[in-house]
*Asks:* 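If you scroll down you'll find the structure; I have some questions about it.
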Amino acid sequence: MTTQRIHLEAGSPEPAGRSALGRGVGLTQIASLGNQLGAATGALAFPAIGPVGVVAVRQLVAAAVLMPVGRPNFRALKRADWLAVTALALVFSIMNTSVYLTIERLGLGLAITLEFLGPLALVILSARRVIDLVGGLVAVVGVVVLVNPGPTSDILGVAIGLVSAAAWAAYILLNRRLGRTLPGMQGTATASLISGIIWIPIAIAWFTAHPPPLWALGFAVICALASSVLPFSIDVVALRLLPASLFSTLQSMHPVWAALVGFMMLGQRLSATELIGIGLVVASNVLVTSTNAVRARR
């Protein structure tokens, strides 16, 4: 989850020293790896409860855990805060549902790479330099290589993946805004509560029609803890320790972790062409965000 140059201009935190940078870098990688481990664990439950069932458990568990941790003060929230947390709650639902549907259709590595285009687009769209346009073109080429358009391509899966990309971009902007205006994890906790309430009737209807075995529920709970509670909690802290551009660059590890975890846990092998496509998308992000970081420091 990344941010754009406008955040640097709007009060993005300056690094407080090597210690803060080291903690921030370590936190982002823990969140990234945990996210992919959780997604792979959730995918193991797909045959029993499907992506919708996994998302339902994930939203409910996230709300149950984050509420007592964040302890939001509802009376202190202003109208603008309520609008932002409600929007973030909707983004949670869209982002999680679309990415799991994409994982089911395309596999973990490809799904996360497509989702990663959201953060990358934020950086490119905020820039005005030739090198940023080059980075954008590299990303486009990477996606074309990755998707390999043709009669056998899963166009619907790609389209759903792009929806998850847009949702991830919205998550970044909303989460950073709430992280600056609300203390601790109050914004994330409140958004998780709203999202959980939305998913209660969906969960009841889904699990009534698809009675879940205990093992599948267990996998879904692990998925919720690793993919929602862990990264949602860490992102708020990491965004306060790292400049936005560095945080963005570090998100390049998401597709890499996804490819490795998908292979190790799900046996999802990527072809040489798909690996090249993922590499191009990652290289594009590193190129754009690292050069923006240098420019911002100057």
*Asks:* Using every non-hydrogen atom in the two residues, find where A63 and S192 come nearest and quote the distance to one decimal.
*Replies:* CB-O, 3.3 Å
*Asks:* Could you pull out all donor-acceptor pairs under 3.5 Å where a side-chain atom in residues 76-88 meets a protein atom, sequence neighbours excluded?
*Replies:*
from	atom 1	to	atom 2	distance (Å)
D81	OD1	R177	NH1	2.9
D81	OD2	K78	N	3.1
T86	OG1	W82	O	2.7

*Asks:* Below 3.5 Å, can you tabulate the donor-acceptor pairs from side chains in residues 193-217 to any protein atom, sequence neighbours excluded?
*Replies:*
from	atom 1	to	atom 2	distance (Å)
S195	OG	Q59	NE2	2.4
S195	OG	S93	OG	3.3
W199	NE1	S93	OG	2.8
W206	NE1	I49	O	2.8
T208	OG1	I204	O	2.5
H210	ND1	W206	O	3.0

*Asks:* Would F92 and V55 count as a side-chain contact (heavy atoms from CB on, under 4.5 Å) if you check the C-alpha gap in whole Å, the side-chain angles of each, and the deciding distance to 0.1 Å?
*Replies:* CA-CA 10 Å; F92 282 163; V55 175; over 6 Å; no
*Asks:* I need the D154 CG to R105 CZ distance, nearest 0.5 Å.
*Replies:* 4.0 Å
*Asks:* Locate the shortest heavy-atom distance separating L108 from Q268; write the atom from each residue and the value.
*Replies:* N-OE1, 2.8 Å
*Asks:* Applying side-chain contact (heavy atoms from CB on, under 4.5 Å), name anything that partners I30, two or more places apart in sequence or on another chain.
*Replies:* L230, I234
*Asks:* Can you confirm whether I222 sits close enough to L37 that some side-chain heavy atom of one is under 4.5 Å from a side-chain heavy atom of the other?
*Replies:* no
*Asks:* So, for E115 and M95, which heavy atoms are closest and what is the spacing to 0.1 Å?
*Replies:* OE2-CG, 3.6 Å
*Asks:* Could you check whether any side-chain N or O of S227 sits under 3.5 Å from a backbone N or O of A39, counting only pairs where one atom can act as donor and the other as acceptor?
*Replies:* yes
*Asks:* Is V163 reachable from I155 through a run of I, L, V, M, F, W or Y residues, each pair having side-chain heavy atoms under 4.5 Å apart?
*Replies:* no
*Asks:* Please check if L260 and L33 belong to a single hydrophobic cluster, counting links between Ile, Leu, Val, Met, Phe, Trp and Tyr side chain heavy atoms closer than 4.5 Å.
*Replies:* yes
*Asks:* Looking at V99, is its backbone amide N or carbonyl O close enough to the side chain of S164 to form a donor-acceptor pair, meaning the two atoms are under 3.5 Å apart?
*Replies:* no
*Asks:* Of all the heavy-atom pairs spanning L266 and A43, show the shortest one and how long it is.
*Replies:* CD1-CB, 4.0 Å
*Asks:* Just how far is it from atom SG of C223 to atom CG of N35, taken to the nearest 0.5 Å?
*Replies:* 8.5 Å
*Asks:* Check for me, please, whether V91 and V52 land in the same ILVMFWY cluster - side-chain distances under 4.5 Å, paths through other members count.
*Replies:* yes
*Asks:* So which heavy atom on S98 is nearest to which on I160, and how close?
*Replies:* O-CG2, 3.2 Å
*Asks:* About how many Å separate CD of Q186 and OG1 of T190, when rounded to the nearest 0.5 Å?
*Replies:* 6.5 Å
*Asks:* Can I94 be reached from L101 by stepping across I, L, V, M, F, W or Y side chains whose heavy atoms are under 4.5 Å apart?
*Replies:* no
*Asks:* Can you list the steps and then say if V158 with L110 is a side-chain contact (heavy atoms from CB on, under 4.5 Å)?
*Replies:* CA-CA 9 Å; V158 173; L110 274 64; over 6 Å; no
*Asks:* Just verifying a value: how many Å separate T41 OG1 and Q36 CD, rounded to the nearest 0.5 Å?
*Replies:* 11.0 Å
*Asks:* Do F263 and L114 share a hydrophobic cluster, counting only Ile, Leu, Val, Met, Phe, Trp and Tyr and linking them when any side-chain heavy atoms are less than 4.5 Å apart?
*Replies:* no
*Asks:* At what distance, to the nearest 0.5 angstrom, does CG of L275 lie from CG of L280?
*Replies:* 11.0 Å
*Asks:* Rounded to the nearest 0.5 Å, what separates atom CG in L178 from atom CG in L173?
*Replies:* 11.0 Å
*Asks:* If you take all heavy atoms of A224 and R58, which pair is closest and at what distance?
*Replies:* CB-CA, 3.4 Å
